[in-house]
Amino acid sequence: MKYVFLEEVDSTNKYAKENLAKFEDKTVIYTSKQTAGRGRLERKWDFVGGENIYASIILKPGDKLKEVYSNLTQYLSVVISRAMESYGVVPGIKWPNDVLINGRKVSGILAESVLEKDKLAGIILGFGINLNCAENNLSKIDKPATSLNIELDKNIDRDSFLSELLNRFFLLYDRFIEEGFSLIKDEYMRRAVFLNNTITVRTFDKEVTGLAVGVTDKGALRLKEKNKELVFLAGDIL
Ligand code: BTN
């Protein structure tokens, strides 16, 4: 694993994408000032101060596309939850990969892949974690959000948190690629905060409301709408 620290950048994901060829597998780009952070589904990710985490892991697992790569964000959400739990909170996961504490978002993940002529050049696994936010910065975020320092009432050392997190991530990374979502399914389900709730799922082209009845062995969301069951591979719970 290699770390690359940037004082300031528009987006660590964008930077990783644009400079992908320069970096080897398992390089982590992180910054203290992200000026144009990107979120899922064309949203933005606000800058909420320098002592938070804005990072992208560059992965180059080979040039063949594998189904399991789409579950890497769920694996990362479990790893972030574990790391946070070791600090004394009990995080939950909102499908597919938001990490929440007491119903408020503390971390978001955005994966982007780079293809060159049908071949996989790399995967960029970007994540933002609210570690040390001031209350007034949190209120700028348009959805209920929290930060680890607020939950624990103490400051968190960013670099130690980041290195603990990445060590955990790479400890089981090879096994995850081999075994897929089943490696984390039990824990993911235990942390899932959306199950048995009536929810609205937004995909690129539609919104569907129904009862969240489960997650498949491949990490897809099972939603019961009237008498039929729908399965979502991608999307967002509103
Ligand atoms: C989401 O919840 O919508 C995903 C947010 C992902 C934010 C991170 S911050 C570091 C990396 N660089 C970006 O531009 N976005 C991700």
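Every number for a ligand or one of its atoms is a count from 1 in the order of the listing. Model, not experiment: these values are computed from the prediction.
- Leu76 and Val193 sit in two unconnected hydrophobic clusters of ILVMFWY residues. Membership requires side-chain heavy atoms under 4.5 Å apart, directly or through other members.
- The side-chain heavy atoms of Ser113 and Leu120, taken from C-beta on, include a pair separated by under 4.5 Å.
- Listed by chain and number, the residues in a side-chain contact (heavy atoms from CB on, under 4.5 Å) with Lys33 are Glu8, Thr35, Phe47 (sequence neighbours excluded).
- Checked against the 6.0 Å centroid criterion, the rings of Tyr173 and Phe176 do not qualify as a close aromatic pair.
- Counting only residues at least two apart or on different chains, the salt bridge (charged side-chain N to carboxylate O under 4.0 Å, His left out) pairs with a member in residues 103-123 are Lys17-Glu112, Arg38-Glu112, Asp98-Lys105.
- Here ring pair (Phe, Tyr, Trp, His ring centres under 6.0 Å) pairs that include residues 110-151, with residues two or more places apart or in two chains, number zero.
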Ligand 1: protein N/O within less than 3.5 Å of ligand N/O:
{"residue": "ligand 1", "atom": "2 (O)", "partner": "Lys105", "partner atom": "NZ", "Å": "2.7"}
{"residue": "ligand 1", "atom": "3 (O)", "partner": "Arg40", "partner atom": "N", "Å": "2.6"}
{"residue": "ligand 1", "atom": "12 (N)", "partner": "Thr12", "partner atom": "OG1", "Å": "3.1"}
{"residue": "ligand 1", "atom": "12 (N)", "partner": "Asn13", "partner atom": "N", "Å": "3.4"}
{"residue": "ligand 1", "atom": "12 (N)", "partner": "Gln34", "partner atom": "OE1", "Å": "3.1"}
{"residue": "ligand 1", "atom": "14 (O)", "partner": "Ser11", "partner atom": "OG", "Å": "2.7"}
{"residue": "ligand 1", "atom": "14 (O)", "partner": "Arg38", "partner atom": "N", "Å": "2.7"}
{"residue": "ligand 1", "atom": "15 (N)", "partner": "Arg38", "partner atom": "O", "Å": "2.7"}

